[in-house]
Amino acid sequence: MGKTDPVIFPWYDTLIESHGDVALLGFVNNDKFEGDLYDLSLGNWDINSDWFLGKKYDTIICTRCAYFSKNPEDFILQCYESLNEDGALFVDWGLGDHWRFENYKVGWVRDDEHEYAYFDDNYLWSVIWDDSFLNDDQFKNFEKNILKFGYDDLKSSIFKEVPSVLSLSFVEKYFDCSVQIKSIWEDFPQLYIFISGTRKGGN
């Protein structure tokens, strides 16, 4: 179990409503949702390659893995193409980490170190961004909590430390979206940005 699971998974439970055929991406510690499980640790999925093998779903739930995508635009397009009409997408991105390195990072690259997750070449690459996040109370709380680590301009730090920043406006081309943000832990801050989207019409 991940260190944030007891905090984040109950929050997910209040945000996610699955229906029909469901694909679970990276949702290992799951006792609520049933569906086809695709997970890096199971070796049956690579977020940076083609996946789903042409199968269509009514719901895609992607947790703790979108930030592994080197090209998050391609990831969003694959989700769009893998959903049936009016299908639902639930996906999160995180910021802030402290488990593997001495120096706290908001993003994934700092001081020539690239943050990784489970093994050395399992790197974190991307995050989602929109300037509207700056007005969110949870985002402001995260900003306050990272001041002690030398971060006084969070937006510029994100664009400096995260290799690939996905614009929310890109997602909104393909999905009718809502955004929820959660800040956790004052001492070792993390931020979760959760996107709920309904697939727009088209092919």
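Keep in mind that the numbers below use all heavy atoms, side chains included, and drop hydrogens, waters and symmetry copies. Bear in mind the structure is a predicted one, so any value in this text is a computation, not a measurement. The first residue of the sequence shown is numbered 1, and numbering continues consecutively from there.
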Item checked: D36 with K55: basic N within carboxylate O range, under 4.0 Å -> yes
Check: With a cut-off of 6.0 Å (strictly less than), are more than 12 heavy atoms of other residues, nucleotides or ligands near CD of E172?
Finding: yes
Note to self: Please verify the inter-ring angle class for H114 with Y123; under 30° counts as parallel, over 60° as perpendicular, anything in between as tilted.
What the structure shows: parallel
Item checked: Contact check, side chains of Y57 and N84, non-hydrogen atoms, under 4.5 Å -> no
Item checked: Expected output: side-chain D130 to main-chain S167 donor-acceptor under 3.5 Å -> no
Note to self: A quick test of your reading: do over 12 heavy atoms of other residues, nucleotides or ligands sit less than 6.0 Å from NZ of K148?
What the structure shows: yes
Note to self: Keeping R110 on the side-chain end and E115 on the backbone end, is there a donor-acceptor pair under 3.5 Å?
What the structure shows: no
Note to self: Whether the E81 and Y174 side chains hold a donor-acceptor pair (N or O, under 3.5 Å, no angle test) is what I'd like checked.
What the structure shows: no
Check: Donor-acceptor pair, Y151 side chain versus S157 backbone, under 3.5 Å?
Finding: no
Margin query: Centroid separation under 6.0 Å, is that true for the rings of W108 and Y67?
Written below: yes
Margin query: Could you check whether F139 and W129 have their ring centres less than 6.0 Å apart?
Written below: yes
Checklist line | From CG (L15) to CD1 (I61), nearest 0.5 Å | finding: 11.0 Å
Next item on the list: Supply the atom-to-atom distance K173 NZ to E73 CD, rounded to the nearest 0.5 angstrom.
Entry: 9.0 Å
Check: At what distance, to the nearest 0.5 angstrom, does CZ of F149 lie from CD1 of I146?
Finding: 9.0 Å
Next item on the list: Could you tell me whether a side-chain N or O of Q138 sits under 3.5 Å from a main-chain N or O of K182, the two making a donor and an acceptor?
Entry: no
Notebook entry, point to check: Under 4.5 Å between any side-chain heavy atoms of I195 and I128, yes or no?
Noted result: yes
Checklist line | Pairing of D131 and K155 as salt bridge, 4.0 angstrom limit | finding: yes
Next item on the list: Output yes when a side-chain donor or acceptor of T14 lies under 3.5 Å from a complementary backbone atom of W11, and no otherwise.
Entry: yes
Next item on the list: Flag the pair V179 / F133 as yes when at least one side-chain heavy-atom distance between them is below 4.5 Å, and no otherwise.
Entry: yes
Item checked: Point-to-point distance, once rounded to the nearest 0.5 Å, from CG of N145 to CD of Q190 -> 11.5 Å
Checklist line | L147 with F188, same ILVMFWY side-chain cluster at under 4.5 Å | finding: no
Check: Between R199 (side chain) and D86 (backbone), is there a donor-acceptor pair under 3.5 Å?
Finding: no
Checklist line | Pairwise side-chain contact, W93 with L166, heavy-atom cut-off 4.5 Å (strictly under) | finding: yes
Item checked: Sidechain-backbone polar pair: D176 side chain, G197 backbone, donor-acceptor under 3.5 Å -> no
Check: What distance do N141 atom CG and D137 atom CG have between them, rounded to the nearest 0.5 Å?
Finding: 9.0 Å
Checklist line | pair K105-E113: side-chain heavy atoms closer than 4.5 Å | finding: yes
Notebook entry, point to check: Do D58 side-chain atoms and D21 backbone N/O form a donor-acceptor pair below 3.5 Å?
Noted result: yes
Next item on the list: From the options S164, C65, S69, S126, select the one residue that forms a side-chain contact (heavy atoms from CB on, under 4.5 Å) with F75.
Entry: S69
Margin query: Let's go through L154 and F142 carefully: what are the C-alpha distance in whole Å and the side-chain angles of both, what is the deciding distance for side chain to side chain contact (heavy atoms under 4.5 Å, CB included) to 0.1 Å, and is it a yes or a no?
Written below: CA-CA 9 Å; L154 178 53; F142 182 67; 3.7 Å; yes
Margin query: Go through it in stages, so that I can follow the logic: the residues are S82 and K56, the test is side chain to side chain contact (heavy atoms under 4.5 Å, CB included), and I'd like the CA-CA distance, side-chain angles, deciding distance and then a yes or no.
Written below: CA-CA 5 Å; S82 299; K56 296 275 190 174; 5.6 Å; no
